[in-house]
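What follows is a set of notes on a single structure, which appears directly below.
Below, read A as the first sequence line, B as the second, and so on, with proteins coming before strands; counting in each chain starts at 1. Computed from heavy atoms alone, side chains included, the values below leave out hydrogens, waters and symmetry copies.
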There are 2 protein chains.
Amino acid sequence: MKKTPTVYDVAADAGVSIATVSRVFRRPDDVRASTRETVLASVRALGYVPSASARGLAARRTGVLGLFFPDFDVVDEGDAPSDDLSGSASRVEVVRDIPDTGGAQRADLYFDEVLRGSELQAWHDGFTLMIGVGRGSNPVEVVTDIAGRVDGLALLAGSVPDSLLEHVSRRIPIVLIAGARRDDDFDHVMVANADGMHALTRHVVDDLGVRDPVFVAGPSATADDVERHEGFRRALAESGIDAEALPVLHGDFTRAGGRRVAADLLETLAGAAPPRAIMCSNDQTALGLMEVLIAAGVRIPLDTIVTGFDGIAESRMSSPRLTTVQQPMIALGRAAVATMRSRLEDPEQPPMARRLPVKLLLRESSEGSA
Amino acid sequence: MKKTPTVYDVAADAGVSIATVSRVFRRPDDVRASTRETVLASVRALGYVPSASARGLAARRTGVLGLFFPDFDVVDEGDAPSDDLSGSASRVEVVRDIPDTGGAQRADLYFDEVLRGSELQAWHDGFTLMIGVGRGSNPVEVVTDIAGRVDGLALLAGSVPDSLLEHVSRRIPIVLIAGARRDDDFDHVMVANADGMHALTRHVVDDLGVRDPVFVAGPSATADDVERHEGFRRALAESGIDAEALPVLHGDFTRAGGRRVAADLLETLAGAAPPRAIMCSNDQTALGLMEVLIAAGVRIPLDTIVTGFDGIAESRMSSPRLTTVQQPMIALGRAAVATMRSRLEDPEQPPMARRLPVKLLLRESSEGSA
DNA sequence: CTGAAAGCGCTAACAT
DNA sequence: ATGTTAGCGCTTTCAG
């Protein structure tokens, strides 16, 4: 591994100019087949691999697209990064019946799915994907760093301050993922939060005949929550129901939060009949809430109908299985990348905002077993 | 978005030289505080973001580490990439009680975990991670491409031909992940496959008193399988048992394969008592096998003990819960990155091979309920 | 179809 | 502490 070979080495070895070497990679058809073979032979012989840095600099494009999400995951116990490379010799630790750790409550299954979609589309469009994960408080460094490495960057809406967006968008196009519609110049892909909750509410009101559903909101500042709540209100208004008169409970998008909401509710009820329907702003909340309700003897959906939002995997495995609105996470990733490609191709077109359709999944928690 | 600002623009705006601008980012302490502020002000004013391409070219280091895995995932139904950006307007599709799709049998939870570990360590070491996913048959293009973009590359052992490894290793250091020990010059991180299966077998033989366990192998050519089988044989040999005299069944590391093995076994048995213990080369096989056995009325572990290998999440949720050997996937990712960093720091040190310890998880499928 | 030459934006000596 | 000055390896006109 003496010196990394460059175009010059290959050119010299093949007896051509560096321009020709470059062409062999970028525009093979512009090179005579025979010389192409000669060059490729030298490439193989020398072990030449084009430098993306040099290429990116000269071509003003890197062929890489960035994806930024905050907080990849909580560090597992004992899995903190280490400087230690020594490591003990081969060994086996025996653990008797390790207790269920609660199932790696990864809040970012969402991220995994979006990543999957992005990667799929990036591959399809001939781009490489670079993922940036925001650790801790300040995303500025990470975002700036990857902004310097890519041709376009997609970020979870709300994950970084506007000033940063403004800053990096001077260099590359930005695409916002999820969150609510904004009145700015950024391209944006999101899901039909309001429409989804609206349809779900219509189902509860029209099909199930409930005229006083209780809404369990998420963290107040969340765009997703705001939109969902709005869809809820709109549906009720259409049916002449005064949403303002209905009680609203407050969760925090976590399962624990859902449990707490349920416990509080039970206490408030003090034995009285539970609400006919409880519509949660996300699945985790609904799942936690159901746990507690069921433990307290509430029959779902007989006594109380429960619904969620997101369509996470667990919603399909709970009992009763949860009626919910499924977000198209993979499609979201695909759309983000497709949007960037489109923006890169035509930088002048007006900002694009794409709203992805959702699926209303009617299951046992609202309808009795199938 | 007229023209992307460069060091020159910032330098001019701040009234300093480009070297000073560069220093503000790379060695802030070498710049007087006051001038640093002046420069940063210009940076903010102009929206300057350093070009990683230029930096990489000049510094001969990109600060990016690569991770290559074959086949990210099977494309979901209807989730194929698309050129279509139009998309219908906001909509909601209603689906009544969608059937369980079998649970997104992602063979690459493994990859997700390793990725997680890699990302964790990369962040810790100040690197950015670039992931490459091998689609279809030929990994040459993808691997070469990312090899040109990074300072070091970690790949799943066996996922690319040696010739390719040889080629790209001319440019950057390579780290192999998993698989078996090889006698080459590549750094390598792997898990204690043999030791794990050895310990598990000792448990079955010594603690459980089974002297004729049946081994269910995986795909023959797999290094992992070979090592595990070897650990199995070694343990038996130590107890004076002739492993060669014992029947060996053949699965393929999939759950379906496990079902098939069980069905075949049941047929062969034709009513006779099942083996006292069945040790599978991986969890999926064990899980599929248990399904069929249980359906046929075999009591586990009463009639037959079943064990797996890998420690996937499902192994903890099956009933009975599966006794298995847990691979340290996150640690594997961390070790891969740590190894690269170490190699980058000292290119001359001899090839490193690290074997990570595994955990023997004793659960119900071998011991009765806890 | 191929070669010559001018950068791309930045880092890293080396001066000052 | 700051400025000057070579490149880093490749793409891309422009000629021929």
Run the salt bridge (Lys or Arg N to Asp or Glu O under 4.0 Å) test on A:Asp9 and A:Lys3 for me, step by step, so that the C-alpha distance in whole Å, both residues' side-chain angles and the decisive distance to 0.1 Å come before the verdict. CA-CA 10 Å; A:Asp9 302 316; A:Lys3 186 191 161 289; 3.6 Å; yes

Rounding to an integer number of Å, can you tell me how far [X] [atom1] sits from [N] [atom2]?
X       : N      : atom1 : atom2 : answer
A:Leu57 : D:dT12 : CG    : P     : 12 Å
B:Arg61 : D:dC8  : CZ    : P     : 17 Å
B:Arg32 : D:dG3  : CZ    : C1'   : 13 Å

Hey, which of these two, B:Ala59 or B:Ser34, hits DNA chain D nearer its 5' end, going by closest nucleotide?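 Going by which nucleotide is closer to the 5' end, it is B:Ser34.
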
Using the heavy-atom set of chain A and a strict 4.0 Å cut-off, write down the first and last nucleotide of DNA chain C that makes it in, 5' to 3'. C:dC1 to C:dG9

Please give me every residue in residues 24-31 of chain B whose heavy atoms get under 4.0 Å of an atom in DNA chain C, ordered by residue number.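 Under 4.0 Å from DNA chain C: B:Arg26.
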
Hey, could you give me each pair passing salt bridge (charged side-chain N to carboxylate O under 4.0 Å, His left out) that has a residue in residues 155-167 of chain A? Not counting sequence neighbours. A:Asp162-A:Arg182

Pairwise salt bridge (charged side-chain N to carboxylate O under 4.0 Å, His left out) hits with a residue in residues 38-66 of chain B, at least two apart: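 Sorted result for residues 38-66 of chain B: empty, none.
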
Any N or O donor-acceptor pair under 3.5 Å from the base of D:dC10 to the side chain of A:Tyr8? yes

For A:Ser22 and D:dT11, is the shortest distance between a side-chain N/O and OP1 or OP2 below 4.0 Å?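 For D:dT11, OP1/OP2 do have a side-chain N/O of A:Ser22 under 4.0 Å.
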
Identify each donor-acceptor pair in which a side-chain atom of residues 10-22 of chain B lies under 3.5 Å from a protein atom, sequence neighbours left out, and give them as a table.
{"unit_1": "B:Asp13", "atom_1": "OD2", "unit_2": "B:Ser42", "atom_2": "OG", "d": "2.6"}
{"unit_1": "B:Ser17", "atom_1": "OG", "unit_2": "B:Ala19", "atom_2": "N", "d": "3.3"}
{"unit_1": "B:Ser17", "atom_1": "OG", "unit_2": "B:Thr20", "atom_2": "N", "d": "3.4"}

With 3.5 Å as the limit, what N/O pairs link the protein to nucleotides 14-16 of chain D?
none

With sequence neighbours excluded, what pairs up with A:Tyr48 under the ring-ring contact (aromatic ring centres under 6.0 Å, His included) test?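 For A:Tyr48, the residues satisfying ring-ring contact (aromatic ring centres under 6.0 Å, His included) (neighbours in sequence not counted) are A:Phe25.
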
For B:Val16, report the nucleic acid contact type (base, sugar-phosphate, nothing); a contact means any heavy atom under 4.0 Å.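 Sugar-phosphate, backbone atoms only, no base.
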
Describe the nucleic acid contact of B:Ala19 in one word from base, sugar-phosphate, nothing, applying a heavy-atom distance below 4.0 Å.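 The answer is base, as B:Ala19 lies within the cut-off (heavy atoms under 4.0 Å) of a base atom.
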
Is a salt bridge present between A:Arg135 and B:Glu119, judged by a nitrogen-to-oxygen distance below 4.0 Å? yes

[Y] and [X], any side-chain heavy atoms less than 4.5 Å apart:
X        : Y        : answer
A:Arg343 : A:Met352 : yes
B:Arg181 : B:Arg355 : yes
A:His167 : A:Val143 : no

Can you list, pair by pair, the side-chain donor-acceptor contacts under 3.5 Å of residues 144-152 of chain A, counting residues two or more places apart and other chains?
{"unit_1": "A:Thr144", "atom_1": "OG1", "unit_2": "A:Val140", "atom_2": "O", "d": "2.6"}
{"unit_1": "A:Asp145", "atom_1": "OD1", "unit_2": "A:Arg149", "atom_2": "NH2", "d": "3.4"}
{"unit_1": "A:Asp145", "atom_1": "OD2", "unit_2": "A:Arg149", "atom_2": "NE", "d": "2.8"}
{"unit_1": "A:Asp145", "atom_1": "OD2", "unit_2": "B:Thr128", "atom_2": "OG1", "d": "3.4"}
{"unit_1": "A:Arg149", "atom_1": "NH1", "unit_2": "B:Thr62", "atom_2": "O", "d": "2.9"}
{"unit_1": "A:Arg149", "atom_1": "NH2", "unit_2": "B:Thr62", "atom_2": "O", "d": "3.2"}
{"unit_1": "A:Asp151", "atom_1": "OD1", "unit_2": "A:Thr62", "atom_2": "N", "d": "2.8"}
{"unit_1": "A:Asp151", "atom_1": "OD1", "unit_2": "A:Thr62", "atom_2": "OG1", "d": "3.1"}
{"unit_1": "A:Asp151", "atom_1": "OD2", "unit_2": "A:Thr62", "atom_2": "N", "d": "3.1"}
{"unit_1": "A:Asp151", "atom_1": "OD2", "unit_2": "A:Gly63", "atom_2": "N", "d": "2.6"}

Test of understanding: with side-chain contact (heavy atoms from CB on, under 4.5 Å), list the residues that count as partners of A:Glu348, not counting sequence neighbours.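 A:Glu348: side-chain contact (heavy atoms from CB on, under 4.5 Å) contacts with A:Asp346.
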
Holding to side-chain contact (heavy atoms from CB on, under 4.5 Å), I want the full list of residues that pass it with A:Pro161, two or more places apart in sequence or in another chain.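 Residues passing side-chain contact (heavy atoms from CB on, under 4.5 Å) with A:Pro161: A:Pro139, A:Ser163, A:Leu164.
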
Test of understanding: with side-chain hydrogen bond (donor to acceptor under 3.5 Å, both in side chains), list the residues that count as partners of B:Glu345, not counting sequence neighbours. none

Kindly state which residues belonging to residues 35-52 of chain A come within less than 4.0 angstrom of DNA chain D, counting heavy atoms of the residue only, listed by number.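 Those residues whose heavy atoms fall under 4.0 Å from DNA chain D, taken from residues 35-52 of chain A in numerical order, are A:Tyr48, A:Pro50, A:Ser51.
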
